[in-house]
Amino acid sequence: MQENGVRLKRILVSILLMFVGFLNSYKCNSAASYISIVGGRGTVQLASATSFLIVNECLKDGNKLGNQWPWKFAFFSNKKPELYQLRPESLVPKAFIADMKFMKLGTGPDTFHTEQATRTVLSDVPSDLTVRINNITYLLHKYSLLPKCGLLQRLSSEKEDSTLDLHDVPGGDEAFELCAKFCYGISINLSAHNFVSAFCAAKFLRMTEAVENGNLIMKLEAFFSSCILQGWKDSVVTLQNAQRVYEWSENLGIVRRCIESIVDKILTPPAKVRWSYTYTRPGYEKKRHQSVPKDWWTEDISILDIDMFRCIVTAVKSTNVLQPQLIGEALHVYACRWLLDMPESWPNESSSSQVDDSPQIKRRILETIVGLIPADKGSVSIKFLLRLLSIANFLGVSPVTKAELLRLSGLQLEEATLDDLLLLTRSPNDRTSHDTDSVKIVVESFLRRWRRQTSAGESQSLLLRSIHKIGKLVDSYLLVLAKDANLPVHKFASLIETLPGIARPEHNDLYKAINVYLKEHPDLSKTDRKQICKFLDCQKLSPEVRAHAVRNELLPLRTVVQVLFYEQEKKGNTMHASPEPHADSRQETSVIRDELRLSAKGEQYSSKGKGTRSSEPGTSGVGVHHNLRKSDDKQQQLRQEQSFKTSAAINLGMENQRRR
């Protein structure tokens, strides 16, 4: 009667497996919807929770499936069993599809307990095997461990003492304890989080099929091949944990197989992506029918170590399947996680990368990212390049890395906006300020390339349009910098001087920036004021701006005189061109002459008095103007006016000569 019941169970299992094979046409790429039953001779992979319950009800113990009927797995052959897959939408709840896979081995309760630094198994049988791993001591039994562990068999036969030191076991005491619990039949859960350490420890302990059938290594290999490598997050998490025992993982092929699985899924067309992924871009809502974004994979791989990340990106680039912009986006996401909170948060410990914030690690990450940037123009944004350059200056990266960043930034500087240039840096006194040095060297890099293009005879109109755009951008940046009360005058002047004269067809924006800087820095010396204002060209100022400059008490007197002389010269040329000037022209000329006289007298009073002009417009010339009105000698006024104009012309000529 009992034999008939067993025979009936065999028939039911065979029918179920044949039914799964019939549904093999409904294959899909998703590996998140499987339930694995690992047996001593092979693996059956079922997609339906209902199928799992049927098999479990028939057998009561999934491990019996392989030990009693190994031929059922190969469908009446000795080949490796096929792994049948069902479409996840058919039988499996969607919430289950998104879960990571796990494998449960053993059914016994956990009888390990801790007393200080000693781990003991609750048993009526006294312990006859002591295993020491670092600072942990395990009191175990030979009858449970030796039949499954080839290494312990050899060590026990070589030593009369029952104490074994296994300090170099990969994964440490936690991995060893998983293997020990398997030997005792205690229930353990294996997933991508602990698979690597358990697999390496099992290899170290030689828990192979040659030692005992249905041993741990075979079960772990089946779980790795049929479940972990079929999943997206499982592969990524496994690769992340492989870093802890990298040499073992590399030698056992875990790293290589995980990278191959991840790259294969990255190259999968977005329309065929069925697994869950992490995507937290601002403004993105994961709706039911929304298409999968092309860069769906970038956030998940950003958790990996830089070496693992480099291997994946290099492999993806070598296929030439994905657009360079997607590679650039992956680099940007990785940098945001590990680097782009610097230098604002440096040296604080609020960095998102809490594993290791040392400058050496940061420097290596930055140099690796720069080396991975695709050569195609526009693969990464100019803002991203400028931020990397700012961090590179802070960390002191290699000259090769910095030169490459400068080259890439110079190529794309025309695409930059004002916000892109507003980089921040932390000074030695822990004060945040604008990173003007990075902006300056990028502008210089652009100018070197621009001069080479000019010498090569490229389109002059395009080159002029390009340099004018950069001039407008830099002047807008100067206007923002001028409001910084802590900005040194030499940095402000140096940035003005960076651009050649052809970059500024007009100086109105430059004048506004200088005017704001003078207002925000009222304590500047006369020398500093002259240093800034010497870059202004009166001929490139609009009439409205020149009118404002004439009455601007913040400007040095020399600059005001230059503006007035240019106005006088311009009016003189106009009068020569027109024999009979209109009344308006004569009136404007009279106003300019009055301004010349007032400026001359104001300078005389300043040199005799405090040495500076009054900050209130017009106060320095009120008394002078009154005295001039009272003067009866017209000839004396004309001589003074002529003398002043001559002096101003001489001074202006000497100034221009010095500039040349």
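Values reported hereafter were calculated over all heavy atoms of this structure, with side chains retained and with hydrogens, waters and symmetry mates removed.
Put simply, the side chain of Ile312 reaches to within 4.5 Å of the side chain of Ile266, judged on heavy atoms. Between Asn189 and Met103, the closest side-chain pair of non-hydrogen atoms is not below 4.5 Å. Looking only at side-chain heavy atoms (C-beta outward), Val236 and Gln240 stay at 4.5 Å or farther from each other. No side-chain heavy atom of Cys311 sits under 4.5 Å from any side-chain heavy atom of Asp307. Two residues are said to be in side-chain contact when any heavy atoms from C-beta on lie closer than 4.5 Å; Lys402 and Pro399 fail this criterion. Annotation: side chain of Leu385 is in contact with side chain of Ile373 (closest heavy-atom distance under 4.5 Å). Counting heavy atoms from C-beta outward, Leu518 and Cys533 have side chains that approach closer than 4.5 Å. In this structure, the side chains of Leu487 and Thr436 come closer than 4.5 Å at one or more pairs of heavy atoms.
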Would you please test His507 and Tyr511 for ring-ring contact (aromatic ring centres under 6.0 Å, His included) and show each step? CA-CA 6 Å; His507 278 203; Tyr511 173 82; over 10 Å; no
When you look at Leu524 and Tyr517, which way does the side-chain contact (heavy atoms from CB on, under 4.5 Å) test go after all the steps? CA-CA 10 Å; Leu524 285 180; Tyr517 188 84; 3.7 Å; yes
Is there a side-chain contact (heavy atoms from CB on, under 4.5 Å) between Tyr334 and Thr298 once you walk through the steps? CA-CA 8 Å; Tyr334 193 88; Thr298 55; over 6 Å; no
Would Arg257 and Ser235 count as a side-chain hydrogen bond (donor to acceptor under 3.5 Å, both in side chains) if you check the C-alpha gap in whole Å, the side-chain angles of each, and the deciding distance to 0.1 Å? CA-CA 9 Å; Arg257 296 172 67 185; Ser235 300; over 6 Å; no
Please walk me through it: do Lys101 and Ser191 pass side-chain contact (heavy atoms from CB on, under 4.5 Å)? CA-CA 6 Å; Lys101 293 167 288 299; Ser191 66; over 6 Å; no
Assess the residue pair Asp173 and Asn134 against the criterion (side-chain hydrogen bond (donor to acceptor under 3.5 Å, both in side chains)); give the C-alpha distance rounded to whole Å, side-chain angles, the decisive distance to 0.1 Å, and a yes or no. CA-CA 8 Å; Asp173 58 287; Asn134 300 327; 5.0 Å; no
Please determine whether side-chain contact (heavy atoms from CB on, under 4.5 Å) holds for the pair Phe309 and Leu331, giving the CA-CA distance in whole Å, both sets of side-chain angles, and the decisive distance to 0.1 Å. CA-CA 9 Å; Phe309 178 79; Leu331 300 177; 3.8 Å; yes
Carefully, step by step, assess Ser379 and Asp376 under the rule side-chain hydrogen bond (donor to acceptor under 3.5 Å, both in side chains). CA-CA 6 Å; Ser379 58; Asp376 307 73; 5.9 Å; no
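With Lys362 as reference, Leu339 is the one residue of Ile391, Val397, Leu339 to meet the side chain to side chain contact (heavy atoms under 4.5 Å, CB included) rule. The residue from Thr238, Leu190, Asp234, Leu178 that alone fulfils the side chain to side chain contact (heavy atoms under 4.5 Å, CB included) condition with Phe195 is Thr238.
Between Arg363 and Glu367, none of the side-chain N atoms (NZ, or NE/NH1/NH2) sits under 4.0 Å from a carboxylate O, so this pair counts as no salt bridge. A salt bridge links Arg281 to Asp295: at least one charged side-chain nitrogen sits closer than 4.0 Å to a carboxylate oxygen.
When atom types are taken as modelled, the side chain of His434 and the backbone of Leu424 share no donor-acceptor pair closer than 3.5 angstrom. Judged by distance alone, the side chain of Ser409 and the main-chain N or O of Leu406 form no donor-acceptor pair under 3.5 Å. Side-chain N or O atoms of Asn251 include none that pairs as donor or acceptor with a backbone N or O of Trp248 at under 3.5 Å. Listed for the Trp450 side chain is a donor-acceptor partner under 3.5 Å among the backbone atoms of Leu463. A distance-only check finds no donor-acceptor pair linking the side chain of Gln323 to the backbone of Gln325 [under 3.5 Å]. Side-chain atoms of Glu444 do not come within 3.5 Å of backbone N or O of Thr498 as any donor-acceptor pair.
No side-chain donor from either of Ser197 and Asn194 sits under 3.5 Å from a side-chain acceptor of the other. In summary, the side chains of Glu299 and Thr280 do present a donor paired with an acceptor at a separation below 3.5 Å, with no hydrogens or angles considered. If you check the side chains of Ser302 and Arg337, you find a donor sitting under 3.5 Å from an acceptor. A donor-acceptor contact closer than 3.5 angstrom links the side chains of Asp528 and Ser525. Between the side chains of Asp435 and Asn393, not a single donor N or O lies within less than 3.5 Å of an accepting N or O.
Relative ring orientation between Tyr279 and Tyr277 is described as perpendicular, the plane-to-plane angle rising above 60° on a 0-90° scale split at 30° and 60°. Under the 30°/60° scheme for interplanar angles, the aromatic rings of Trp275 and Trp232 are found to lie parallel.
Scored by the side chain to side chain donor-acceptor pair (under 3.5 Å) test, Ser381 finds no partners at all (sequence neighbours excluded). Evaluation of the salt bridge (charged side-chain N to carboxylate O under 4.0 Å, His left out) rule for Glu174 yields no partner, not counting sequence neighbours.
The number of heavy atoms from other shown groups lying within 6.0 Å of CZ (Arg244) does not exceed 12. Atom NZ of Lys540 is surrounded by more than 12 heavy atoms from other residues, nucleotides or ligands within 6.0 Å.
Once rounded to the nearest 0.5 Å, the distance linking CZ of Arg546 with CD of Gln562 reads 13.5 Å. Atom-to-atom distance recorded for Leu304:CG and Trp338:CH2 is 9.0 Å, nearest 0.5 angstrom.
For residues 460-481, the pairs satisfying side-chain hydrogen bond (donor to acceptor under 3.5 Å, both in side chains) are Glu414-Ser466, Ser459-Ser461, Lys472-Asp509, Asp475-Arg504, with sequence neighbours left out.
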